[in-house]
Amino acid sequence: MELHGEILATHPSHLPVADVSPGKENVQHTSSSAPSYKDFVPLIQLVKPKHYRFSSIHLLGTRLTLAPHREDLVGEALDILQRKHDIKRDEIYIQTKFTPIGGQDLGKPIPYDTKDAIKDQIATSLRVSLRNLRTSYIDSYLLHSPLRTMQATLEAWRALMAAQDAGIVRKIGVSNVYDVGVLTALGELRKVQVVQNRWYEGNMWDPEVWRYCKEHGNEYQSFWTLSGSTCLLAHPAVITIAGRLDVTPAQVIFKLAQLHRIVPLTGTTDELHMQQDLAAERIAFREDVDSEIRIITKFIWGG
């Protein structure tokens, strides 16, 4: 049973607006509180195309992470949504991960034979994900992290490339990669289409990898966006913007991230918070907050 990944419900143009992660909830880093598919069917319904239609480009989307810890429960929820709530498969953007043995919880079932070659581990894990998620293809498939050696990481990357060439996955990428050299090495074989990293004060908002993605056109997804940046949530400039625009500080941060070509992943099982997070994309910064925007932009990105 695969234990990590995201499932992103989107409108027909594949703008990601919900990220349902069978990894960890609340920005992917706390234990799950959604033990049944029934807990997140209502939340995914919030992002049905008839409820939310966005005009901005894919990279400016907001993704919402629900985390049941279990792909099979997510698959059950998506099956219910497709059969009973008129959500079609091509309106759902599914992203999940291959997790190497170093990232697995050894107290839970591992979705491959650890004695197999890396390419076979990935092939087996991917088949399990397809079965769990009740789908014939994955929109985005990521390495949960680089493997222990560059050679092993390149071997894994070739396996993802093969899955993409076979049409089983549409995009491929990597998570938890903070060395631009790894992205460069992978990119020599095939462009890394998606990068998913911690984006928080503890790593100074990941400037090198974020800049690399911006310059090379890689989609950059962020997690720990809120929970890892308490100083940002409490920054006077963020508080001032939120007050003047009648929005929350979290919405201000999401909007700023989106404007800098970051797709923020957020975790919530609260319908109000989900609505607020989705609404962040539609915030328009006015001239009366220009100085505060410059302050917080310099605080995060320098310059």
Side-chain angles (χ1 to χ4, degrees), residues 1-8 14 16 19-24 28 65 67-79 82 89-90 92-177 179 182-197 218-219 221:
M1 177 181 303
E2 181 64 78
L3 299 176
H4 296 277
E6 292 77 40
I7 298 160
L8 311 168
H14 296 299
D19 182 326
V20 185
S21 171
K24 300 176 181 179
Q28 302 186 345
T65 305
H69 228 80
R70 298 256 306 270
E71 275 185 343
D72 58 327
L73 293 183
V74 176
E76 188 174 1
L78 293 176
D79 181 62
Q82 291 178 76
R89 172 62 183 92
D90 62 2
I92 301 168
Y93 185 100
I94 300 177
Q95 175 171 286
T96 192
K97 297 172 182 170
F98 167 76
T99 302
I101 186 62
Q104 290 282 354
D105 181 347
L106 300 182
K108 298 182 182 297
I110 296 174
Y112 51 82
D113 189 331
T114 59
K115 297 187 295 293
D116 284 349
I118 291 170
K119 65 181 181 62
D120 296 324
Q121 292 180 16
I122 290 175
T124 301
S125 184
L126 182 53
R127 284 195 297 271
V128 172
S129 289
L130 292 169
R131 183 176 67 246
N132 285 341
L133 297 168
R134 308 186 189 195
T135 184
S136 60
Y137 68 95
I138 302 293
D139 296 279
S140 178
Y141 196 55
L142 310 183
L143 295 178
H144 189 264
S145 65
L147 280 70
R148 292 175 179 172
T149 67
M150 179 58 73
Q151 180 180 351
T153 302
L154 292 173
E155 183 180 349
W157 189 242
R158 290 187 182 96
L160 264 63
M161 291 167 54
Q164 188 175 43
D165 291 341
I168 303 171
V169 302
R170 304 290 173 82
K171 289 183 178 182
I172 56 176
V174 62
S175 181
N176 295 296
V177 55
D179 182 352
V182 173
L183 295 174
T184 300
L186 297 179
E188 290 177 355
L189 298 178
R190 182 167 298 174
K191 181 178 178 177
V192 179
Q193 288 124 47
V194 178
V195 174
Q196 184 188 110
N197 271 2
N218 315 82
E219 179 181 332
Q221 301 175 3

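Below, each value reflects all heavy atoms present in this structure, side chains not excepted, and no hydrogens, waters or symmetry copies.
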Among residues at least two apart in sequence or on other chains, which ones pass side chain to side chain donor-acceptor pair (under 3.5 Å) with R190? Q164, D165
Among L142, L143, V174, exactly one meets side chain to side chain contact (heavy atoms under 4.5 Å, CB included) together with K97. Which residue is that? L142
d(Q82 CD, R134 CZ) to nearest 0.5 Å is 10.0 Å
Roughly how far apart are Q196 CD and H144 NE2, rounded to 0.5 Å? 7.5 Å
Under 4.5 Å between any side-chain heavy atoms of N197 and V177, yes or no? yes
Ignoring hydrogens, what is the shortest heavy-atom contact between G173 and W157? Give both atom names and the distance. O-CZ3, 3.5 Å
One should read off an interatomic distance between D120 CG and S125 OG, to the nearest 0.5 angstrom, of 12.0 Å
Quick one: does Q104's side chain get under 4.5 Å of P111's, heavy atoms only? yes
Between I172 and L160, what is the shortest heavy-atom contact and its length? CG2-O, 3.6 Å
Grab the two heavy atoms, one from A185 and one from L154, that are nearest each other, plus how far apart they are. O-CD2, 4.0 Å
Can you confirm whether L126 sits close enough to T96 that some side-chain heavy atom of one is under 4.5 Å from a side-chain heavy atom of the other? no
Taking all heavy atoms of P100 and all of Y112, pick out the closest pair and write down the distance. C-OH, 3.2 Å
Which pair of non-hydrogen atoms, one from S136 and one from L130, has the smallest distance, and what is that distance? C-CD2, 3.8 Å
How long is the span from the CZ atom in R170 to the CD1 atom in I138, to the nearest 0.5 Å? 10.0 Å
Indicate yes or no: at least one non-hydrogen side-chain atom of D139 is less than 4.5 angstrom from one of R89. yes
State the CG-CE distance between D179 and M150, to the nearest 0.5 angstrom. 6.5 Å
For N176 and S145, the nearest pair of non-hydrogen atoms, with its separation, is CB-CB, 4.1 Å
Interatomic distance, CZ@R158 vs CD1@I122, rounded to 0.5 Å, equals 11.5 Å
Would you say the side chain of I94 lies within less than 4.5 Å of the side chain of L133, judging by non-hydrogen atoms? yes
